[in-house]
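Notes follow once the structure below has been shown.
When a residue number appears, it is its place in the shown sequence, counting from 1. These numbers come from a predicted model, not from an experiment. Reckoned from all heavy atoms, side chains included, excluding hydrogens, waters and symmetry mates.
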Amino acid sequence: MEKNSNLQENCTFNQKLSPRDDTDGHGTHTLSTAGGSIVPFASWGGLANGTAIGMAPKARLVAYKTNWNVQCPTFKTIGSNEIDVMAAFEAAIDDGVDVINYSQASNNSAYLDDGTGIATFHAMKNGILTIAGAGNSGPNAGTAANNYPWVLSVGASTIDRVFSAHGTRFYDFVSKVDVPSELYPLITGADARISGANVSDASLCQGGSIDVTKVTGKILVCRNAGRIVAKDETLASVVARDAGAVGMIFVYEEKIGDGFTLSQFHAVNTIVLSYKDGETLFSYINSTRTPTASISGVTNTLGVKPSPIMGSFSSRGPNQNNPGILKIFSLHALQKSFKSSYCMKTGTSMATPHVAGIAALIKKVHPDWSTAAIKSAIMTTASPLDNDGMPIRDSNKTSDATPFAYGSGHVKPNMAMDPGLVYDMNQYDYLNFICAYPPESTTLKEFSQQHSYKCPRSFNILDFNYPSISIVNFTGNAIVTRKLKNVGPPGTYVPRIEPPPGVSIMVEPKTLVFSQKDQIIVFKLILTADINHLSTDYIFGSLVWSDAKHVVRSPIIVKAKNK
């Protein structure tokens, strides 16, 4: 790949101009998750010993490098340029790939001004579904990226595995597990501050803020900066190591919640604690003149309940470009790393290839399905329940998550292979959608490519055949139209509706009778409510069509028009 022409002439690349993944292994990590081969006896420093395997281990894989470490006179960046991303997508299209994994957050600009949106649209036109990360900017609302309706965007949750030491649950561990189980003095970064250093910097264990003479032979306790940034953990552990610490305890801030799992490499033995557990630790430290702790061996517990729980870092809805589109979320797990050993990493980048691999398997079983059909199958069979049969909890572990966190739900791969019904669409359905956003759009040459597409005189976003249903600016009356296509055997489907609080919903017709494969039936949802008694916030419900074997579920989101 050539140097990007948009860079200043005196900018330099801090890496070789090579397709190799030679910076942090992000691409190799995600690619091996989607389609890595079967590798026995994999573990992370002795943890989670077992067989590593990608979601679609017999898939043929190809990678396109778009991210570079660039040093310019006025800035340094590790990232990608939109032109390179578009070029990679076009190369993938020319190479005839079936599924694209895009573990990178878009900039969430307007659809017609966004190169990633155009590139993913071109892929869809060629029968290629793009699976993309929703981003790691949670838990703040309206942070979800890659919001294009022709893309399947993915969030992240915990899994039912916990590593624990002395009964204290935590979500991260360094690669060493052979540390002696003796007691060591504890010291906080603030107490270990070097003369003249800022207390806040020392609390975060930032470089140049820690006094080596105070830390050597102790366990250093560091806070994080109230953000989900993987390098914060790694850099703090380097500071701890250089100061002579035997270990580090890294404590997250309250707003991040307990559902975090940023598994990273550390320079010393490390435990990462939630805010709640961290407050218990600080209370102990402040209660005695000689606080001590040990870092013991770690046990691996499976089948933990409740699981999954939303990752606090996982970006959330509503869709800032168009609140009428709701997205999806998935899971994360153990993956093969870019080094000779293995590691666990967390993020929507890691969740995304799980779903990409599932999409590839569905494409193999159903090669004639459209990208919209594959996406619908994954979304409508996803579950909003945890392994206790209760609603998935948010990262604070005390409240239920909403579809703005988990989208359609937690992916169920086997059910997605046989969804019964799908909400199908083609490129012209998506073009009509773009015609409604922004309203002034009349031609869409960038998307339609071969000719200028003329927008219809009118298009109702409530009739956009998306697998979820979102109604914003609800005035008390609305009619939603959808089309379901039978991709299974003949059957009769009946609806089950959980309306949003205060909203009444009628469905017409009352049953859907499919007599043959590929038959399409149109149905309507009629929503009514007393707008004066509705919540001013978003409210949630669901629609399920079932023939007693298949479950076709769509979240329903309603927001009343401002009074």
Side-chain angles (χ1 to χ4, degrees), residues 29 33-34 36 42-55 134 136 138-139 154-173 177 228 252 256-264 271-274 276-277 297-314 328-337 342-355 357-358 378 381-402 405-416 551:
H29 197 275
T33 301
S43 71
W44 186 28
L47 294 177
N49 186 40
T51 299
I53 181 172
M55 301 301 291
N136 301 328
V154 184
S157 70
T158 64
I159 56 174
D160 63 346
R161 168 181 283 169
V162 164
F163 302 109
S164 59
H166 285 320
T168 300
R169 290 171 57 167
F170 60 95
Y171 297 92
D172 200 357
F173 193 75
V177 295
I228 302 290
Y252 272 86
I256 294 176
D258 290 342
F260 68 91
T261 48
L262 274 182
S263 303
Q264 302 299 321
I271 289 177
V272 177
L273 295 181
S274 68
K276 182 179 178 180
D277 289 337
V298 177
T299 58
N300 178 14
T301 304
L302 299 175
V304 173
K305 294 185 177 183
S307 296
I309 295 172
M310 285 306 305
S312 60
F313 59 85
S314 187
I328 189 172
F329 111 96
S330 179
L331 72 170
H332 66 259
L334 171 68
Q335 303 107 31
K336 185 177 179 180
S337 176
Y342 298 82
C343 76
M344 298 177 209
K345 287 190 175 184
T346 295
T348 58
S349 285
M350 284 70 227
T352 301
H354 284 84
V355 182
I358 293 169
I378 294 173
T381 57
S383 174
L385 304 179
D386 61 25
N387 56 4
D388 272 331
M390 301 298 291
I392 293 173
R393 299 184 190 184
D394 216 333
S395 53
N396 59 20
K397 298 185 180 180
T398 59
S399 60
D400 294 344
T402 73
Y406 61 69
S408 294
H410 202 270
V411 175
K412 300 290 184 182
N414 291 340
M415 294 180 66
V551 175

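To the nearest 0.5 Å, the span separating OG on Ser307 from CD1 on Ile392 amounts to 10.5 Å. The CZ atom of Arg393 sits 7.5 Å away from atom CG of Asp400, with the distance rounded to the nearest 0.5 Å. We find the OG-CD1 distance between Ser408 and Ile378 to be 10.5 Å, quoted to the nearest 0.5 Å. Interatomic distance, Met310 CE to Asp394 CG, rounded to the nearest 0.5 Å: 7.0 Å.
Residues Pro384 and Tyr406 have side chains in contact (heavy-atom distance under 4.5 Å, counting atoms from C-beta outward). Looking at His410 and Ser157, their side chains come closer than 4.5 Å, going by heavy atoms from C-beta outward. Counting heavy atoms from C-beta on, the side chains of Asp386 and Lys305 never come closer than 4.5 Å.
The closest donor-acceptor contact from the side chain of Ser314 to the backbone of Ala156 lies under 3.5 Å. Formation of a donor-acceptor pair under 3.5 Å by the Asn387 side chain with backbone atoms of Val304 is found in this model. For Thr33 (side chain) and His29 (main-chain N/O), a donor-acceptor pair under 3.5 Å exists by modelled atom type.
By the side-chain hydrogen bond (donor to acceptor under 3.5 Å, both in side chains) test, Thr381 is found to be paired with no residue, residues two or more places apart in sequence or in another chain being considered.
Nearest heavy-atom pair across Phe313 and Thr348 is CE1-N, 3.9 Å.
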